**Q** 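What follows is a single structure, and I will ask about it in a moment.
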Amino acid sequence: DAGRAAIKTAVEPILSHGCQTVFPGVTCSLEFPERRGLYDAEIMIDEGGGVSGNLQENMESGGLCDTVSASGLLAYVYHESPAKCVILDEKFKFIGDLAGRAGEFLRESCYRLGVQAIMVTHNPGFAVAAHTLYEIERTGTGSASATCVRSAFQERAPLVAEVVEL
C-alpha cells in the first residue's frame, strides 16, 4: 500500500499537469485496482464533471493519449533515469492544433524536472517551444544536412552537421 501511494504521489502531479496544460479542465489520477491478486495501474480521466473513465475508455482522443504518454515518460525519466534525457520521436503525433500547448507543457515540465528532451516532429506548432531548433534536409541518397534555425545562444548558426547513412 505504501509503494502504490508513493507512485501516486510521484507520478500523478506530472500526469495531471500535462493534461491540464494541453486540455484545460482535464485532470488525471492513478488508481490501483486489484485483479486476480495483483495490482494494475489505471490512469483515470476527469474532464471537469467527475471521473469519466480510464484512459483506455478515452482512446478516441489521440491527443489526450499522446499527452498522458509523454507525461508518464517524463515522470519515469525524472524518477528513474540517471541520464535525465529523453528522445521523443513523433510523440505528439495526434495532438493537431494543440501543438503549442503541448510544446509549452513539454518545455515547462522539462525545465521544472531537470530533464532534457530531444524531439523529432513534423508539426511546426512545436517550433515556438523549442530551445534550439534544427531543420533537417535530405541532401542526397543516404545523407542529410542539419541547420540550426534558432538557438538561445545565437540568432542563426551555420551548418552544424552532415549525417550519413539514414
Side-chain angles (χ1 to χ4, degrees), residues 2-33 39-136 146 148-155 157:
R4 290 185 298 280
I7 292 170
K8 185 176 180 82
T9 300
V11 175
E12 195 172 76
I14 299 171
L15 293 176
S16 269
H17 178 68
C19 288
Q20 290 170 351
T21 303
V22 181
F23 299 93
V26 175
T27 59
C28 298
S29 60
L30 287 175
E31 291 187 6
F32 299 94
Y39 289 96
D40 279 341
E42 284 191 358
I43 300 170
M44 305 305 289
I45 306 298
D46 181 346
E47 298 182 49
V51 174
S52 61
N54 64 28
L55 185 61
Q56 189 171 1
E57 294 165 355
N58 285 274
M59 291 296 278
E60 70 275 357
S61 174
L64 181 59
C65 293
D66 285 349
T67 302
V68 171
S69 173
S71 301
L73 183 58
L74 287 177
Y76 174 78
V77 169
Y78 173 69
H79 288 290
E80 298 295 327
S81 172
K84 303 291 185 253
C85 181
V86 62
I87 297 174
L88 305 170
D89 185 6
E90 296 290 345
K91 191 63 173 169
F92 289 95
K93 185 180 346 185
F94 300 108
I95 204 69
D97 293 342
L98 298 175
R101 287 186 188 165
E104 175 187 325
F105 155 70
L106 189 59
R107 183 179 179 128
E108 179 187 325
S109 295
C110 286
Y111 178 79
R112 284 183 32 222
L113 299 172
V115 172
Q116 180 179 9
I118 299 168
M119 183 171 180
V120 177
T121 184
H122 294 274
N123 189 330
F126 284 100
V128 295
H131 183 268
T132 303
L133 183 65
Y134 291 93
E135 196 171 84
I136 310 295
C148 184
V149 176
R150 186 184 73 236
S151 173
F153 307 108
Q154 58 198 51
E155 287 300 313

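Note that the coordinates shown come from a computational prediction; the quantities given were computed from them, not determined experimentally.
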**Q** Give a yes or no on this: more than 12 heavy atoms of other residues, nucleotides or ligands lie within 6.0 Å of atom NZ of Lys93.
**A**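 Result for NZ/Lys93: open.
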
**Q** Which pairs pass ring pair (Phe, Tyr, Trp, His ring centres under 6.0 Å) with one or both residues in residues 76-98, sequence neighbours excluded?
**A**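 Every pair satisfying ring pair (Phe, Tyr, Trp, His ring centres under 6.0 Å) with a residue in residues 76-98: Phe92-Phe126.
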
**Q** Sorted by first residue and then second, give each side chain to side chain donor-acceptor pair (under 3.5 Å) pair with at least one member in residues 96-110; sequence neighbours left out.
**A**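 Of all non-adjacent pairs touching residues 96-110, those that pass side chain to side chain donor-acceptor pair (under 3.5 Å) are His17-Glu108.
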
**Q** Rounded to the nearest 0.5 Å, what separation is found between the CG atom of Leu74 and the CZ atom of Phe105?
**A**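 Here the rounded value is 5.0 Å.
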
**Q** So which atom in Gly18 and which in Thr67 form the shortest heavy-atom distance, rounded to 0.1 Å?
**A**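 For Gly18 versus Thr67, the nearest heavy atoms are O-CG2, 3.4 Å.
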
**Q** Which atoms form the tightest heavy-atom contact between Gly96 and Asn123, and what is the distance?
**A**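 Closest approach of Gly96 to Asn123, heavy atoms only: O-ND2, 3.4 Å.
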
**Q** Working to the nearest 0.5 angstrom, can you tell me the gap between Leu15 CG and Cys19 SG?
**A**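 Going from CG on Leu15 over to SG on Cys19, the span is 7.0 Å.
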
**Q** Between Leu64 and Ile45, what is the shortest heavy-atom contact and its length?
**A**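 For Leu64 and Ile45, the tightest heavy-atom pair comes out as CD2-CG2, 4.0 Å.
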
**Q** Start with the C-alpha gap between Val120 and Ile136, add the side-chain angles, then the distance that decides, and say whether side chain to side chain contact (heavy atoms under 4.5 Å, CB included) holds.
**A** CA-CA 10 Å; Val120 177; Ile136 310 295; over 6 Å; no

**Q** Is the side chain of Ser16 donor-acceptor paired with the backbone N or O of Cys28 at a distance under 3.5 Å, no angle test?
**A**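 Yes, the answer is positive, given that a donor and an acceptor are paired below the 3.5 Å cut-off.
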
**Q** How many angstroms lie between atom OG1 of Thr121 and atom CG of Leu88, to the nearest 0.5 angstrom?
**A**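 Between atom OG1 of Thr121 and atom CG of Leu88 there are 10.0 Å.
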
**Q** So, for Lys91 and Leu73, which heavy atoms are closest and what is the spacing to 0.1 Å?
**A**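 So the minimum-distance heavy-atom pair works out to CE-CD2, 4.4 Å.
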
**Q** Write down the atom of Lys8, the atom of Ser29, and the distance for their closest heavy-atom approach.
**A**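 Minimum heavy-atom separation between Lys8 and Ser29: NZ-CB, 4.5 Å.
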
**Q** Any chance you could measure Met119, atom CE, to Asp89, atom CG, to the nearest 0.5 Å?
**A**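 Answer for the CE-CG pair, Met119 versus Asp89, is 9.5 Å.
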
**Q** Mind listing the closest non-hydrogen atom pair of Cys85 and Val77 along with its distance?
**A**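 For Cys85 and Val77, the tightest heavy-atom pair comes out as N-CG1, 3.8 Å.
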
**Q** Distance check, rounded to the nearest 0.5 Å: Glu12 atom CD versus Ile7 atom CD1?
**A**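 Reported to 0.5 Å precision, the distance equals 12.0 Å.
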
**Q** To the nearest 0.5 Å, what is the distance between OH (Tyr134) and CD1 (Ile118)?
**A**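 Atom-to-atom, Tyr134:OH and Ile118:CD1 are 9.5 Å apart.
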
